[in-house]
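Heads up: the structure comes next, in structure tokens.
Keep in mind it's a predicted model, so treat the numbers as computed, not measured. Order of listing sets the numbers, starting from 1, for every ligand and every atom in it. Numbers here are sequence positions counted from 1.
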Amino acid sequence: MSEQERGGLPRLGFLASHGGSGARAIAQACAAGELSALPVALASNNSASSALAWARAEGLAAAHLSSARFPDPAALDRAVLAFLQEQRVDVLVLSGYMKVLGPQVLAAYEGRVLNIHPSLLPLHGGPGMYGDRVHAAVIAAGERESGATVHLVTAGVDEGPVLAQSRVPVLLTDSVEGLRARVQATEGPLYVRALREFLSAP
Ligand SMILES: Nc1nc2c(c(=O)[nH]1)N[C@@H](CN(C=O)c1ccc(C(=O)N[C@@H](CCC(=O)O)C(=O)O)cc1)CN2
Ligand SMILES: NCC(=O)N[C@@H]1O[C@H](COP(=O)([O-])[O-])[C@@H](O)[C@H]1O
């Protein structure tokens, strides 16, 4: 029985590889009463990630779970699942997580995993498309518009149903850094809005 079914707030878990900017925006919205949910845990595949340091400072359960610690992908998948279940996570939020989620986590959290991708999916997504590679591809394709997409996570990378999108112009003079900054400025509010709608859906 989920925390929500027990009348409590939905418990949020995060996976992040670097800054965890989405997780931070969501936690801030929860603290401000703008989102009815409870951030409880964060795991990272990168022991030096600032997201992990932030989670520890915030008093969230924090874990370094990587292929360095679990070379067998099935063992890493099992370890991520065990961590989330120990913390009684109801909804899993990917926040700049650069690893493909395994079948055990996907099965246990089917329909309850959200991700944010820095393009207008289905454009410029898929295996190998993450971080600045995405913005470089958008500029190289001569796109006049870009943005970010929050989607449900399925086995196929960036193939899950789209929940919400933000849109920004791409300028002829744009660098990867410039476009990244314009897209990232929309990601926090977009993720909070998408998660609020997801959690309030019947
Ligand atoms: N099963 C799924 N797992 C994940 C999804 C998903 O849709 N289904 N989304 C990604 C996030 N993501 C795009 O939004 C993404 C992340 C990573 C990659 C990728 O190719 N990663 C490389 C490794 C990169 C590294 O180690 O830094 C790889 O796996 O070879 C593509 C898209 C999160 N997981
Ligand atoms: N494919 C996933 C992906 O590319 N995610 C993107 O990585 C950045 C992470 O920044 P952060 O580490 O500062 O949160 C974010 O812009 C997010 O959209």
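- Below 3.5 Å of separation, one finds no N or O of H18 facing any N or O of ligand 2.
- The ligand atoms of ligand 1 that sit less than 4.0 angstrom from a heavy atom of G128 are 19 (C), 20 (O), 31 (C).
- Residue G126 has at least one heavy-atom neighbour below 4.0 Å for each of these atoms of ligand 1: 31 (C), 32 (C).
- Residue-to-ligand polar distances keep V134 apart from ligand 2: every N/O pair is separated by 3.5 Å or more.
- Put simply, the side chain of E34 reaches to within 4.5 Å of the side chain of R196, judged on heavy atoms.
- Using modelled atom types, no side-chain atom of S146 and backbone atom of V170 make a donor-acceptor pair closer than 3.5 Å.
- Only side-chain heavy atoms of M98 come within less than 4.0 Å of ligand 2; its backbone N, CA, C and O stay farther off.
- For ligand 1, the atoms sitting less than 4.0 Å from at least one non-hydrogen atom of H151 are 7 (O), numbered in the order shown with element in parentheses.
- Contact analysis puts G156 in contact with ligand 1, with a non-hydrogen atom separation below 4.0 angstrom.
- Numbered from 1 in the order shown, with element, the atoms of ligand 1 that lie under 4.0 Å from a heavy atom of L106 read 1 (N).
- Under a 4.0 Å heavy-atom criterion, G160 is not in contact with ligand 1.
- By the 3.5 Å distance cut-off applied to N or O atoms, G96 is not counted among the residues near ligand 2.
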